[in-house]
Amino acid sequence: MYKRIAIILWALWCCFMPALHVQINIWEGTGTKRVQLTPYLVPGQGNMAVVVCPGGSYFWHDMQTEGTEVAQWLNQQGISAFVLRYRTAYVPAFITRFRYLFRGNRYPDPQDDLTRTLQLIRERAAEFGIDTCRIGAMGFSAGGHLVMSVALSASAPVRPRFVAAIYPVVSMAAPCTHKRSRRALLGDNKKGDKRLQDSLSIERHVTADCPPVFLVNCLDDPVVHPHNAELLDSALTAHHVPHQYIQYSTGGHGFGVSDAKGTSESREWKHRFLEWLKTMK
């Protein structure tokens, strides 16, 4: 009981953490304030850009550790960032089971939000100072599942040039599934749908034209079973997709780019990612 209360309080804090930059409403004309994009731009033209998708089990967002802090770190590296507050099921759906009766937010809402974001950045690339050939996506936990699913499903002109999946949720069907993310994404009345589970299991839909992937997780991850990333690594290898997979022994989950969370070992991923980026032509 206490654990559930703690999760709810943490999720509420993450959902309502104020943004420090001007936000862009993605779905113009709908009146929604939920789907918002916060740009963190570096000066100049022709810059690389990364769309950052925070985790949160598809129920909420960790906007601070896996959003704002990530964008600020990318800026320090000379990379523009866009933090996406995509549609999630949100806390009321976590507490209750109202989505047995009402649709609420669920698949494909988050995927549509990221796809539209990538389109918008391309359309306004000159305004943002972005090179349209250097737009990537980085996702943490459930956000990792989101960026990978769009990288595989979006049309070639829209899909990101590269993807970084950090301690990602991958499978919706294997025994290692992160059940809270599956419930949030599929909905209470569809979470047991085998066909839908299969269609949203990333490891089952990797193709040879998948963008290059940077993949990180930790063996002691207590939230998302480490076999998720292992399944993705195997699928990428089988289809000869250029990628780098780093599995650390320690670090747990949810450390983002923090200099305090995780371990000294897992925090190394930031440097390895920057080195990997240099290989992108």
Side-chain angles (χ1 to χ4, degrees), residues 10-11 14-15 17 19 26 34-38 40 49-74 81-90 94 105-118 121 135-154 159-160 162-172 177-178 180-186 200-203 211 213-218 221 223-226 228-229 232 251-258 261-262 266 269-270 273:
W10 175 81
C14 289
C15 284
M17 182 72 185
I26 295 299
R34 291 292 193 182
V35 184
Q36 293 176 320
L37 188 66
T38 307
Y40 295 75
V50 174
V51 180
V52 180
C53 295
S57 305
Y58 279 120
F59 269 113
W60 43 75
H61 311 86
D62 185 350
M63 294 302 292
Q64 183 64 21
T65 302
E66 297 173 351
T68 302
E69 292 180 8
V70 176
Q72 292 171 341
W73 174 74
L74 287 169
F82 296 82
V83 179
L84 178 62
R85 186 189 291 269
Y86 52 92
R87 278 174 287 182
T88 62
Y90 296 109
F94 176 70
N105 290 336
R106 61 177 68 192
Y107 174 79
D109 296 343
Q111 283 70 21
D112 287 346
D113 296 340
L114 178 53
T115 301
R116 175 57 188 144
T117 293
L118 292 166
I121 294 172
I135 301 173
M138 176 182 289
F140 298 81
S141 194
H145 181 276
L146 174 57
V147 296
M148 282 302 309
S149 61
V150 170
L152 293 173
S153 64
R159 69 180 56 170
F162 59 85
V163 172
I166 315 302
Y167 42 81
V169 173
V170 173
S171 184
M172 293 287 163
T177 295
H178 186 238
R180 187 164 66 232
S181 293
R182 181 169 66 188
R183 177 190 162 212
L185 186 60
L186 275 62
L200 293 172
S201 292
I202 304 300
E203 78 280 10
V213 177
F214 181 83
L215 176 62
V216 171
N217 77 323
C218 301
D221 191 328
V223 179
V224 176
H225 195 288
N228 277 265
L232 179 54
H253 190 88
F255 44 82
V257 297
S258 172
K261 297 181 179 180
S266 65
W269 82 265
K270 296 179 291 184
F273 172 69

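Just the heavy atoms: all of them, side chains too, but no hydrogens, waters or symmetry mates, feed the values below. Here, residue 1 is the first one in the sequence, and each next residue gets the next number. Predicted, not measured: the structure shown is a model, and the values here were computed from it.
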> Mind checking what makes side chain to side chain donor-acceptor pair (under 3.5 Å) contact with His253, not counting sequence neighbours?
Replying inline: Ser141, Asp221
>> Taking side chain to side chain donor-acceptor pair (under 3.5 Å) as the definition, give me every residue that meets it alongside Thr117, ordered by chain and number, with sequence neighbours left out.
In response: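 Checked Thr117 against side chain to side chain donor-acceptor pair (under 3.5 Å); zero matches.
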>> Pair Leu74, Tyr40 - check side chain to side chain contact (heavy atoms under 4.5 Å, CB included), show working.
In response: CA-CA 9 Å; Leu74 287 169; Tyr40 295 75; over 6 Å; no
Could you pull out all residues at least two apart from [X] that satisfy side chain to side chain contact (heavy atoms under 4.5 Å, CB included)?
X      : answer
Ala151 : Pro160, Val163, Pro211
Ala49  : Ser80, Phe82, Ile130
Ser201 : Ser171, Met172, Ala173, Glu203, Arg204

Minimum-distance pair of heavy atoms, taken over all atoms of [X] and [Y]:
X      : Y      : result
Thr65  : Gly254 : CG2-O, 3.6 Å
Gly252 : Phe255 : O-CE2, 3.7 Å
Met148 : Ala165 : CG-CB, 4.3 Å
Val169 : Ser181 : CG2-OG, 3.7 Å
Ala229 : Val170 : N-CG2, 4.2 Å
Val83  : Gly67  : CG2-O, 3.6 Å

Is [X] reaching over with its side chain to a backbone N or O of [Y], donor-acceptor style, under 3.5 angstrom?
X      : Y      : result
Tyr167 : Gly256 : yes
His61  : Tyr86  : yes
Asp62  : Gly56  : no

Just how far is it from atom [atom1] of [X] to atom [atom2] of [Y], taken to the nearest 0.5 Å?
X      : Y     : atom1 : atom2 : value
Leu146 : Thr88 : CG    : OG1   : 11.0 Å
Leu37  : Arg85 : CG    : CZ    : 11.5 Å
Thr68  : Met63 : OG1   : CE    : 6.0 Å
Trp60  : Phe94 : CH2   : CZ    : 4.5 Å

Side chain proximity check, [X] to [Y], heavy atoms < 4.5 angstrom:
X      : Y      : value
Leu185 : Gln111 : yes
Val70  : Phe140 : yes
Leu114 : Val147 : yes
Asn217 : Val224 : no
Asn228 : His178 : no

> How would you list, by chain and number, every residue that makes a ring-ring contact (aromatic ring centres under 6.0 Å, His included) with Phe273, sequence neighbours excluded?
Replying inline: Phe214
>> Using 30° and 60° as the class boundaries, would you call the ring planes of Tyr58 and His145 parallel, tilted or perpendicular?
In response: perpendicular
